[in-house]
Amino acid sequence: MSLNDTPSSERVHIGFFGRRNAGKSSVVNAVTGQELSVVSDVKGTTTDPVTKAMELLPIGPVVIIDTPGFDDEGELGELRVRRTKQILNRTDLAVLIVDGTVGLTDTERQLIGIFTEKDIPYLTVYNKSDIAQKRVCQDSEFEVSALTGENIYELKERIAALAKLPSAEKRIVGDLLGPCDMVVLVTPIDAAAPKGRMILPQVQTLRDVLDADAMAVFTKEHQLAETLGKLSAPPKMVITDSQAFAMVSRIVPEDIPLTSFSILMARYKGFLETAIKGAAAIRSLEDGAKVLISEGCTHHRQCGDIGSVKLPALLKKYTGRNIDIALSSGRDFPEDLSPYSLVIHCGGCMLGEREMTYRRKTAEDQNVPFTNYGIAIAMMNGILRRSLGVFPDLAKEIE
């Protein structure tokens with residue numbers, strides 16, 4: 001990812017849903033002005049979700065998702081329908097494509113029910129207006145023809161009106177800084193670090209620091225003491241990668257605020273308070289307790305991987321218990337969390353706010369504590385209160 005790219009997690013996710021052969025892919029191609037999806041008269045041509053990050057005027061950066069027919073049949077069809085339901089967990093705006101020559105069926109009504117249940121804004125689009133009988137449309141309904149382009153422009157304008165871009169008021173750290181404040185960012189470069197680039201939370205945090213007219217210095221954990229010594233004045237704060245929390249906390253003087261990228265991302269994604277409360281469950285884990293460690297991305301796990309190696313080791317050392325660790329990554333997040341005593345999630349930088357909210361709520365609805373890497377590591381290193389010092393109101397709530 002280049003510094004000029006908008007991360008997928010910061011884009012509006014627009015999903016196109018409907019039955020097979022309703023013309024979803026044709027409408028997607030007409031709306032985007034690109035041949036994103038294969039189009040055919042054969043039912044079920046789209047067999048897997050087609051995802052494309054792009055700029056869609058007048059909205060801006062979006063992710064377009066063309067889904068398989070929701071009425072797909074057979075064993076593979078059931079799998080595709082399940083994949084489509086998973087897509088809904090990260091959809092900010094749903095566009096329901098209906099075959100205008102047929103009208104609404106139970107399949108579309110089922111989808112509308114899911115949209116309503118998940119509080120997803122949606123439009124109902126009757127395709128094939130060039131051959132279908134004209135109908136009286138309600139405010140959230142449209143007649144279009146992907147073939148002739150009729151009303152496609154109007155559809156794009158309505159999509160833009162409903163689509164909500166991530167709030168410009170949300171900040172990672174910029175709201176805690178003033179002009180010319182100095183921030184030290186601690187970024188370990190080890191075998192697990194991506195070659196030739198910074199990870200997304202580091203890049204996003206740096207950009208937010210600069211947007212606040214503050215200044216940033218990057219350093220590795222082994223050079224932190226020397227870095228601090230060369231500054232003419234103490235920094236406003238130090239932000240570290242969670243895996244270096246213990247070492248960094250010993251180096252940074254107590255009067256300098258210290259937090260982590262992961263903790264800042266938890267606030268940015270809207271689940272910091274939940275993560276703080278969830279971390280308390282670590283203390284009560286028993287032998288045989290099952291803990292799910294989940295990552296939003298699908299990077300190749302290596303010998304020093306924080307999720308599969310360092311966190312499990314720290315958990316077992318801290319609790320003194322034989323903990324059963326389960327791992328998930330990417331879009332594979334279990335719907336049934338009842339077997340787990342705790343979920344420890346990454347910062348969620350690769351996931352949109354809606355998907356992170358879905359995952360958090362899935363845990364809450366099943367009474368499973370939910371926390372994240374940074375909070376869990378800080379708690380097990382005895383520095384949770386300190387790591388939340390940049391958020392005084394939250395720090396006071398820790399017993």
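Just the heavy atoms: all of them, side chains too, but no hydrogens, waters or symmetry mates, feed the values below. Nothing fancy with the numbering, it's 1 onward along the sequence.
- To the nearest 0.5 Å, atom OH of residue Tyr318 and atom CG of residue Leu285 are 10.0 Å apart.
- Of the possible polar contacts, one joining the Asn151 side chain to the Glu143 backbone as a donor-acceptor pair under 3.5 Å is found.
- For Glu295 and Tyr373, the side-chain atoms include at least one donor-acceptor pair closer than 3.5 Å.
- Between Ala212 and Leu177, the shortest heavy-atom distance links the atoms CB-CB, 4.3 Å.
- In the displayed structure, Asp139 atom CG is contacted under 6.0 Å by at most 12 heavy atoms of other residues, nucleotides or ligands.
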Which atom pairs, one a donor and one an acceptor, fall under 3.5 Å between side chains of residues 256-263 and the rest of the protein, sequence neighbours left out?
| residue | atom | partner | partner atom | Å |
| --- | --- | --- | --- | --- |
| Thr259 | OG1 | Ser387 | O | 3.0 |
| Ser260 | OG | Ser262 | N | 3.4 |
| Ser260 | OG | Ile263 | N | 3.0 |
| Ser262 | OG | Asn372 | ND2 | 2.8 |
| Ser262 | OG | Gly374 | N | 3.1 |

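- In the hydrophobic clustering of this structure, Leu351 does not group with Ile199; members are Ile, Leu, Val, Met, Phe, Trp, Tyr whose side-chain heavy atoms approach within less than 4.5 Å, directly or through other members.
- When the shell of 6.0 Å around CE of Met350 is examined, it contains 12 or fewer heavy atoms from other residues, nucleotides or ligands.
- Defined by atom type and a distance below 3.5 Å, a donor-acceptor pair is missing between the side-chain atoms of Asp71 and Thr107.
- Exactly one of Thr101, Asp99, Thr148 qualifies for a side chain to side chain donor-acceptor pair (under 3.5 Å) with Lys128. That residue is Asp99.
- What you find for Glu108 and Ile97 is that their closest heavy atoms are OE2-O, 4.5 Å.
- When the side chains of ILVMFWY residues are joined at heavy-atom separations under 4.5 Å, either directly or via intervening members, Leu384 and Leu264 end up in a single hydrophobic cluster.
- Nearest heavy-atom pair across Ile120 and Leu88 is CD1-O, 3.4 Å.
- Lys170 has a carboxylate O that lies under 4.0 Å from a charged side-chain N of Glu353, or vice versa, which qualifies the two as a salt bridge.
- A distance of 12.5 Å separates CD1 in Ile323 from CG in Leu311, rounded to the nearest 0.5 Å.
- At a threshold of 4.5 Å between non-hydrogen side-chain atoms, the residues Pro369 and Leu342 count as touching.
- Taking a cutoff of 4.0 Å between a charged side-chain nitrogen and a carboxylate oxygen, Arg158 and Glu154 do not qualify as a salt bridge.
- Here the side chain of Thr371 pairs a donor or acceptor atom with the backbone of Ala275 at under 3.5 angstrom.
- Residues Val184 and Leu224 form a side-chain contact, since some pair of their non-hydrogen atoms from C-beta on lies under 4.5 Å apart.
- Residue-environment remark: NZ (Lys236) stays at or below the threshold of 12 foreign heavy atoms within 6.0 Å.
- Remark: the backbone N or O of Gln204 is not paired with any side-chain donor or acceptor of Asp208 at under 3.5 angstrom.
- Here the shortest heavy-atom pairing between Thr362 and Pro334 reads CG2-O, 4.2 Å.
- Remark: Arg135 qualifies as a cation-pi partner of Tyr126 under the 6.0 Å distance and 45° angle criteria applied to the six-membered ring.
- In this structure, the side chains of Ile344 and Val291 come closer than 4.5 Å at one or more pairs of heavy atoms.
- The hydrophobic clustering, which links ILVMFWY residues whose side-chain heavy atoms are closer than 4.5 Å, places Leu327 and Leu337 apart.
- Under a 3.5 Å cut-off, the side chain of Arg11 and the backbone N or O of Met54 do form a donor-acceptor pair.
- Look at Glu273 and Arg267 and you find no salt bridge, because none of the NZ, NE, NH1 or NH2 atoms lies under 4.0 Å from a carboxylate O.
- Closest heavy-atom contact between Glu150 and Lys134: OE2-NZ, 3.4 Å.
- In the hydrophobic clustering of this structure, Val95 does not group with Tyr153; members are Ile, Leu, Val, Met, Phe, Trp, Tyr whose side-chain heavy atoms approach within less than 4.5 Å, directly or through other members.
- Counting heavy atoms of neighbouring residues, nucleotides and ligands inside a 6.0 Å radius, atom CZ of Phe218 exceeds 12 of them.
- A distance-only check finds a donor-acceptor pair linking the side chain of Asp241 to the backbone of Gln243 [under 3.5 Å].
- The OG atom of Ser294 lies 5.5 Å from the CZ atom of Phe333; values are rounded to the nearest 0.5 Å.
- Side-chain contact between Phe70 and Ile114 is present, with heavy atoms from C-beta onward closer than 4.5 Å.
- Judged purely by atom type and a 3.5 angstrom limit, Thr319 uses its side chain to pair as donor or acceptor with the backbone of Arg321.
- For Lys220, the NZ atom counts as loosely surrounded, since its 6.0 Å shell holds 12 or fewer non-hydrogen atoms of other residues, nucleotides or ligands.
- Other residues, nucleotides and ligands contribute only 12 or fewer heavy atoms inside 6.0 Å of the NZ atom of Lys361.
- With rounding to the nearest 0.5 Å, the separation of OG1 in Thr205 from CZ in Arg171 is 11.5 Å.
- A distance of 9.0 Å separates CG of Leu292 from CD1 of Ile325, quoted to the nearest 0.5 Å.
- Using a 4.5 Å heavy-atom threshold, the side chains of Asn127 and Val98 count as separate.
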Side chain to side chain contact (heavy atoms under 4.5 Å, CB included) assessment of Val238 paired with Val186: CA-CA 7 Å; Val238 174; Val186 184; 3.8 Å; yes

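- Geometrically, Lys24 does not engage Phe17 in a cation-pi contact, judged by NZ or CZ lying under 6.0 Å from the ring centre and within 45° of the ring axis.
- A pairwise comparison of heavy atoms in Ser341 and Val368 identifies C-CG1, 4.3 Å as the closest pair.
- Remark: Tyr358 OH to Arg90 CZ distance equals 12.0 Å, nearest 0.5 Å.
- Met198 is not listed as a side-chain neighbour of Leu206, based on a closest heavy-atom distance of 4.5 Å or more.
- The side-chain heavy atoms of Leu394 and Ile276, taken from C-beta on, include a pair separated by under 4.5 Å.
- Formation of a donor-acceptor pair under 3.5 Å by the Thr32 side chain with backbone atoms of Gln34 is found in this model.
- A heavy-atom distance below 4.5 Å is found between the side chains of Met247 and His222.
- Between the Asp92 side chain and the His13 main chain, a donor and an acceptor come within less than 3.5 Å of each other.
- Follow the hydrophobic side-chain contacts under 4.5 Å out from Ile282 and you reach Ile377 in the same cluster.
- Side-chain contact check for His345 and Arg359: at least one donor-acceptor pair (N or O, by modelled atom type) lies under 3.5 Å.
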